[in-house]
Amino acid sequence: MLNALNAPPEPAEGGAPFPPPPPPSSIPFEKHVRRGPSLKFSDEDRNEACSSKDAGNLHLREGNVQDAIVEYGKAIHKDPDDAILWSNRAVAHLQLSQDNDTTAAQAAADALRAVTCDPNWPRGYCTLGDALLRLGSPLEALEAYLDGARVARDAGRLEDAFELDRKGRDARDAVLNRRPCVFFSI
């Protein structure tokens with residue numbers, strides 16, 4: 001009986017267990033999540049920003065990171081106060097970056113803007129911490145993770161708080177491992 005309840009769903013006619021998601025253009029822009037202050041622009045601008053965000057998400061899933069960055073840039077141009085747009089572009093920059101390069105710096109700048117747009121969103125702090133780690137700043141990353149964990153706990157988002165605490169411990173270990181050893185001679 002329990003095995004039947006826990007079994008995965010039977011595939012539909014196309015062979016996939018679930019129907020494909022609707023195309024992004026069919027989702028009304030009012031349904032899109034937005035993080036940040038009240039909208040200062042028209043609904044048309046918000047609709048265009050949502051379309052560009054959806055296109056950027058699609059490009060990112062397909063591995064076209066450069067195209068995703070361009071689409072997120074278009075969305076940011078239409079709605080510059082949306083923290084999710086800045087965070088998504090930071091994640092795309094992180095996928096292209098190497099340790100301590102200009103792309104990692106751009107990711108950190110975008111993630112910082114996401115946190116500035118909505119300081120009560122824990123995921124923004126997570127992206128900021130990841131970017132700071134990539135830049136080679138584990139102490140600043142630790143601070144971002146701890147701030148995000150505090151925000152998540154205050155909001156009752158314990159799953160996010162646990163993830164940020166774990167990342168904070170990893171950043172702390174990176175700080176401790178990079179501490180220079182001092183030898184004293186007598």
Side-chain angles (χ1 to χ4, degrees), residues 6 8 21 32-37 49 52-73 75-76 79-184:
N6 292 328
H32 283 76
V33 175
R34 182 176 185 280
R35 303 291 312 197
S52 292
K53 174 187 161 192
D54 290 338
N57 290 345
L58 185 63
H59 286 303
L60 202 58
R61 275 194 300 272
E62 292 174 350
N64 303 326
V65 181
Q66 289 289 358
D67 294 338
I69 290 172
V70 169
E71 289 296 332
Y72 292 138
I76 288 169
D79 187 4
D81 295 328
D82 188 350
I84 293 174
L85 301 176
W86 290 101
S87 181
N88 286 1
R89 190 167 79 171
V91 168
H93 280 299
L94 280 174
Q95 289 188 6
L96 289 180
S97 70
Q98 303 295 321
D99 287 343
N100 206 8
D101 68 352
T102 56
T103 310
Q106 182 62 49
D110 284 352
L112 184 59
R113 181 66 190 262
V115 169
T116 304
C117 287
D118 188 0
N120 296 318
W121 185 44
R123 299 297 307 164
Y125 291 96
C126 186
T127 305
L128 178 60
D130 292 346
L132 290 168
L133 271 181
R134 183 67 56 91
L135 275 176
S137 301
L139 192 58
E140 288 82 6
L142 173 61
E143 184 178 353
Y145 291 138
L146 293 177
D147 287 344
R150 179 187 44 78
V151 166
R153 277 191 294 280
D154 290 348
R157 298 177 62 171
L158 297 182
E159 192 171 306
D160 288 338
F162 290 142
E163 178 186 356
L164 286 157
D165 282 336
R166 180 188 55 77
K167 287 185 172 223
R169 284 190 302 275
D170 293 343
R172 180 202 60 206
D173 293 343
V175 169
L176 294 176
N177 291 334
R178 291 183 61 188
R179 188 175 58 195
C181 294
V182 179
F183 296 100
F184 296 99

- Query: Going from CD on Gln106 to CG on Asp101, what distance comes out if it is rounded to the nearest 0.5 angstrom?
  - Reply: 11.0 Å
- Message: So which atom in Pro80 and which in Trp86 form the shortest heavy-atom distance, rounded to 0.1 Å?
- Response: O-NE1, 2.8 Å
- Passes salt bridge (Lys or Arg N to Asp or Glu O under 4.0 Å), Asp130 versus Arg134? Steps please. CA-CA 6 Å; Asp130 292 346; Arg134 183 67 56 91; over 6 Å; no
- Should Leu146 and Leu142 count as side-chain neighbours, where that means a heavy-atom distance under 4.5 Å? yes
- Message: Apply side-chain contact (heavy atoms from CB on, under 4.5 Å) to residues Asp165 and Arg153 and explain how you reach the verdict.
- Response: CA-CA 10 Å; Asp165 282 336; Arg153 277 191 294 280; 3.1 Å; yes
- Message: In the structure I gave you, are the side-chain heavy atoms of Ser87 and Asp110 within less than 4.5 Å of one another anywhere?
- Response: no
- Message: For the NZ atom of Lys53 and the CG atom of Asp82, what is their distance to the nearest 0.5 Å?
- Response: 6.5 Å
- Item | Nearest heavy-atom neighbours spanning Tyr145 and Cys126 | CE2-O, 3.6 Å
- Between Asp147 and Arg150, is any pair of side-chain heavy atoms under 4.5 Å apart? yes
- Would the number of heavy atoms belonging to other residues, nucleotides or ligands and lying under 6.0 Å from CD of Glu163 be above 12? yes
- Query: Okay, side chain of Tyr125, backbone of Pro119: is any donor-acceptor separation there less than 3.5 Å?
  - Reply: yes
- Beyond-backbone contact of Asp81 with Arg113, side-chain heavy atoms, under 4.5 angstrom: yes
- Please tell me if the side chains of Thr127 and His93 come closer than 4.5 Å, counting only heavy atoms from C-beta onward. no
- How close do Gln98 and Ala104 get, heavy atom to heavy atom, and via which atoms? O-CB, 3.9 Å
- Message: To the closest 0.5 Å, what do you measure between CD1 (Ile69) and CG (Asn88)?
- Response: 11.5 Å
- Asn57 versus Tyr72: any side-chain heavy-atom pair under 4.5 Å? yes
- Task: Please report the closest heavy-atom contact between Ala75 and Ala49, naming both atoms and the distance.
- Result: CB-O, 3.4 Å
- Considering non-hydrogen atoms only, spot the tightest contact between Ala111 and Ala90 and give its length. N-CB, 3.8 Å
- Message: Does Gln95 form a side-chain contact (heavy atoms from CB on, under 4.5 Å) with Leu60? I'd like the steps, not just the answer.
- Response: CA-CA 9 Å; Gln95 289 188 6; Leu60 202 58; 3.6 Å; yes
- Message: Could you report the tightest heavy-atom contact between Gly148 and Pro122, atom names first, then the distance?
- Response: O-CB, 3.9 Å
- Message: Using 0.5 Å steps for rounding, measure from the NZ atom of Lys167 to the CZ atom of Arg169.
- Response: 12.5 Å
- What's the spacing between Asn177 CG and Arg172 CZ if we round to 0.5 Å? 10.0 Å
- Query: What is the distance from atom CG of Leu133 to atom CG of Leu128, rounded to the nearest 0.5 Å?
  - Reply: 10.0 Å
- Find out whether Asp160 and Arg123 are in side-chain contact, i.e. whether some heavy atom of one side chain is under 4.5 Å from a heavy atom of the other. yes
